[in-house]
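Okay, so here's the structure we're looking at.
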Amino acid sequence: MYSASVSETVDLLLRGARLPDRQSLADIAITGDRIVAVDPVARPAQQTLELGGRLVTPGLVEAHIHLDKALLTDRVTVSAGTLDEALRVTAQAKRTFTAEDITSRARQVLDLAVRAGTTAMRTYVEVDPIVGLMGMEAMLALRQEYAPALDLQLCAFAQEGIVKAPGTEGLLRRALTMGADLVGGCPYNDTDGVEHIRIVFGLATAFGVDADFHVDFADEPEHLHVREIAAQTVRAGWQGRVSVGHLTELGIPSSKEQVSLQLQFALPFANVVVILLGIPFAYRSLQKGNVQSIAYACGATFLYWGTVSVFQSYGEQGFFPAWVSAWTPNFIFGIMAVWLLQRTTKI
Ligand SMILES: [Zn+2]
């Protein structure tokens, strides 16, 4: 970057570009597939485009789209407006899909996206006993066709469940063998969400690909599968390779669930607090004898866990916000430990 000399002829010069991070207009010099200079300096170029102050930004990224189910609104009738209805009518519409139909609708969306500046896209491709691998075959061809303009990532996706739709696991495996970039699941739409998640992780680790879940997509906190996904991510060592979408249930869990979620993060700090509390007592035991200090240390630890339990109980009943309920004991005893430490070191 910024390495081209002023006299060097570049392939393309974008003159008068507006950039997000600077006030004045700049010229962008490009050679091959690289930006070689960004400055207001005139230089020779094979081709020059006068932008007249138009904005130049990195390409846009569409991180979540369903090209195979796009542009269906004129084929389905919706009355209740619920998630269940959306799943049902879409599954019905899916039974009429053909490869040409999927390709034609997906192409319309891809053209719109490229025209709007999208250069990268992750699409979920439904793989199940209803459509088989029809969508995957269509999308693999489109991924190649649109490669000059857009990086299209294909997620082999179990929208209709895996446990309740026998044969889906084998189809997902075949989709990954055919060239799907990653694998995705939808545990809320299965009879055994945990097993569904386990199968998706099994495929992700077997093929060495990322995993992506549609999860906890409801108006009631019925599932909170995100916890199981987090646990299995750690178990598989797949940190940084798993994404989740929707998560609307996180906005409305009960007080009990909220406290429990907060405690998942707050309780590991208990170790720090207990160790901090232990240091002054250990120091004291050197000076004043063991028995009394051990009694104090045990008392402080019991008091800490007692406080955690009281705050948890009040938080679950809605007397405090969840974060207050989960973090206050750490806060109080943390301050107490620091105070004791200071006092002990002054003795
Ligand atoms: Zn989706």
Side-chain angles (χ1 to χ4, degrees), residues 60-73 75-76 78 80-95 97 101-103 105-110 112-113 116 118 120-131 133-136 138-140 142-143 150-162 164-165 168 171-172 175-176 180-190 193 196-197 199-201 203-204 209-220 222-226 228-230 233 241-252:
L60 303 180
V61 176
E62 171 56 70
H64 185 146
I65 199 164
H66 294 256
L67 290 176
D68 52 356
K69 292 193 293 197
L71 307 176
L72 286 179
T73 41
R75 294 190 200 176
V76 296
V78 176
T82 60
L83 174 62
D84 284 344
E85 184 187 48
L87 289 171
R88 188 169 38 77
V89 298
T90 312
Q92 277 167 7
K94 215 155 92 169
R95 293 177 197 283
F97 284 1
D101 172 39
I102 293 173
T103 303
R105 285 183 290 102
R107 193 175 271 137
Q108 286 180 60
V109 177
L110 284 165
L112 285 168
T118 307
M121 183 184 274
R122 173 176 288 184
T123 186
Y124 301 88
V125 187
E126 302 199 6
V127 171
D128 52 57
I130 304 174
V131 285
L133 294 163
M134 192 196 293
M136 187 51 67
M139 293 303 157
L140 283 166
L142 289 171
R143 182 172 72 181
L150 171 138
D151 292 327
L152 183 58
Q153 236 183 21
L154 306 180
C155 177
F157 187 59
Q159 172 71 66
E160 307 297 337
I162 303 175
K164 78 172 187 184
T168 302
L171 287 166
L172 289 168
L176 286 161
D181 299 287
L182 68 156
V183 62
C186 193
Y188 66 82
N189 193 28
D190 210 336
H196 181 112
I197 295 165
I199 292 170
V200 170
F201 269 98
L203 290 165
V209 295
D210 295 350
D212 190 340
F213 293 89
H214 286 36
V215 66
D216 301 337
F217 184 20
D219 303 329
E220 301 292 336
E222 294 158 352
H223 319 92
L224 288 179
H225 283 132
V226 69
E228 181 63 26
I229 292 170
T233 300
R241 306 197 62 177
V242 181
S243 41
V244 292
H246 298 307
L247 273 177
T248 48
E249 286 176 26
L250 269 193
I252 37 171

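Ligands are counted one by one from 1 in listed order, and the atoms in each one are counted from 1 as well.
- Judged as a salt bridge (Lys or Arg N to Asp or Glu O under 4.0 Å), and not counting sequence neighbours, Arg88 has no contacts.
- The closest side-chain heavy-atom distance from Glu126 to His66 is below 4.5 Å.
- Using a 30° and 60° split on the angle between ring planes, Phe217 and Tyr188 fall in the perpendicular class, above 60°.
- Ordered by chain and number, His64 NE2, His66 NE2, His214 NE2 make up the set of protein N, O or S atoms under 2.8 Å of the Zn ion (ligand 1).
- Put simply, the side chain of Asp216 gets close to the backbone of Leu224: a donor and an acceptor are under 3.5 Å apart.
- Of the options Arg75, Lys94, Arg95, a salt bridge (Lys or Arg N to Asp or Glu O under 4.0 Å) to Asp101 is made by Arg75 and by none of the others.
- Annotation: side chain of Met121 is in contact with side chain of Leu67 (closest heavy-atom distance under 4.5 Å).
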